[in-house]
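Reviewing the structure listed below.
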Amino acid sequence: MDLGIKGKKAIVCASSRGLGFGCAEALAQAGVDVTICARQNEELLNTKKKLIKFGVTVTAVCCDVTTESGQAMLLQACPEPDILVNNAGGPPPGVWSEWRREDFISALDANMLTPISLIKMVLPGMIAKKWGRIVNITSQTVKAPVPALGLSNSARAGLTGYVAGTSRQVAKHGVTINNLLPGPHDTQRLVDLDNSLSKENKISYKAARDSRMATIPMGRYGTINEFGNACAFICSQHAGFMVGQNILLDGGAVNSTI
Ligand code: NAD
């Protein structure tokens, strides 16, 4: 399917690997020039090499997207993006009694205030062009909490509330804002979470992974390719009427009717 976005420009945050990379790759495949970022330069430059083969312009910005300077660097590299994919690392798992104020501030900074800040920076340009697509990578935890991910549950809920209102304020300008909610996907993040599950329950890594997979009707983890293609569709011309939605990609893991 022609997504109709060839020649557009995208900022894809936190994209040297994992879900962010999946989105950058699918957008590059659709002919979109991508600005990618991560904190580690070597991994980022390897990622850039993988994306250049699609014949698009790839700009790599080595920065921490959760900092003001990192966000400024991204906008300097791509001042007028047509597409913004918000993403950052997720907070660590833990227990309610151990989370301090500083832990909440870090989670809110990374997973709520950073995307809000970038949305505010790119919206004026998108509104002026009467076209824009913003996709926030959030989490299945928005719909169904994972108890050990209380920091994530809290921060993502805040962003979801902001998007629900803001997306409706800007829709008339041809700009859409939506959230993509990953359930378990096969990335480094899941390797880390399965390792901590294995330690917590004193079981092997494989047993932890198998037990998590058993909770997913599809019986497997999602791939970054599936995730990226869903993101690219939301960024396409075809999804111009989709506003303020929370799209779950979880192999059926969240057991709900609607
Ligand atoms: P990942 O660890 O595989 O990849 C994270 C990417 O973000 C890497 O490229 C890393 O370099 C980059 N990154 C992290 N923090 C950054 C920062 N401050 N500045 C710049 N770059 C940064 O993780 P993933 O699985 O792709 O997860 C992406 C997001 O999706 C996370 O917020 C995670 O919590 C959330 N999520 C993932 C899953 C899953 O199953 N993988 C499920 C639910 C939610």
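Model, not experiment: these values are computed from the prediction. Order of appearance sets the numbers: ligands from 1, and atoms from 1 within every ligand.
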Top protein contact for [atom], by heavy-atom distance:
| atom | answer |
| --- | --- |
| atom 40 (O) of ligand 1 | H185 N, 2.7 Å |
| atom 24 (P) of ligand 1 | T187 OG1, 3.6 Å |
| atom 19 (N) of ligand 1 | V65 N, 3.0 Å |
| atom 23 (O) of ligand 1 | R189 CB, 3.4 Å |
| atom 37 (C) of ligand 1 | L19 CD1, 3.7 Å |
| atom 22 (C) of ligand 1 | A14 CB, 3.6 Å |
| atom 1 (P) of ligand 1 | R17 NE, 3.5 Å |
| atom 11 (O) of ligand 1 | S16 OG, 3.3 Å |

**Asked** Going from OG on S211 to NZ on K206, what distance comes out if it is rounded to the nearest 0.5 angstrom?
**Response**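 If I round to the nearest 0.5 Å, the distance is 10.5 Å.
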**Spacing of NE2 belonging to H173 relative to CE belonging to M126, to within rounding of 0.5 Å** =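 The CE atom of M126 is 13.0 Å from NE2 of H173, to the nearest 0.5 Å.
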Is ligand 1 under 4.0 Å from a heavy atom in the side chain of [X], in the backbone, in both, or in neither?
| X | value |
| --- | --- |
| D64 | both |
| C13 | neither |
| L190 | side chain |

Does the [X] side chain pair with the main chain of [Y], one donor and one acceptor, at a distance under 3.5 Å?
| X | Y | result |
| --- | --- | --- |
| N178 | G244 | yes |
| Q245 | V243 | yes |
| N111 | G89 | yes |
| N87 | A14 | yes |
| E43 | S16 | no |
| R133 | S236 | yes |
| S167 | A164 | yes |

Against ligand 1, does [X] come closer than 4.0 Å with any heavy atom?
| X | value |
| --- | --- |
| G70 | no |
| T47 | no |
| S152 | no |
| R156 | yes |

Geometry only, no angles: is [X] polar-contacting ligand 1 at N/O separations under 3.5 Å?
| X | answer |
| --- | --- |
| T66 | no |
| P182 | no |
| Q140 | no |
| P91 | no |

Are [X] and [Y] close enough that some pair of their side-chain heavy atoms sits under 4.5 Å apart?
| X | Y | value |
| --- | --- | --- |
| C13 | L118 | yes |
| T114 | Q71 | yes |
| L181 | S139 | no |
| V175 | I127 | yes |

By number and element, which atoms of ligand 1 are closer than 4.0 Å to a non-hydrogen atom of [X]?
| X | result |
| --- | --- |
| I137 | 30 (O) |
| A38 | 11 (O), 20 (C), 21 (N) |
| N87 | 28 (C), 29 (C) |
| G18 | 3 (O), 26 (O) |
| T138 | 35 (C), 44 (C) |
| P184 | 40 (O) |
| A88 | 29 (C), 31 (C), 32 (O) |

**Message:** Parallel, tilted or perpendicular, judged at 30° and 60°: which one describes the rings of F104 and W99?
**Reply:**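 Geometry flag for W99 against F104: perpendicular rings.
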**Item:** Ion pair check, D192 and R189, cut-off under 4.0 Å
**Value:**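 Answer for the salt bridge query: no.
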**Option from R212, R209, K199 for which side-chain hydrogen bond (donor to acceptor under 3.5 Å, both in side chains) with D194 holds** =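 Going through R212, R209, K199 one by one, the side-chain hydrogen bond (donor to acceptor under 3.5 Å, both in side chains) with D194 is satisfied by R212 alone.
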**Prompt:** Should one rank S139, G90, G183 by closest heavy-atom distance to atom 38 (C) of ligand 1, which comes out on top?
**Reply:**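 The nearest heavy atom belongs to G183.
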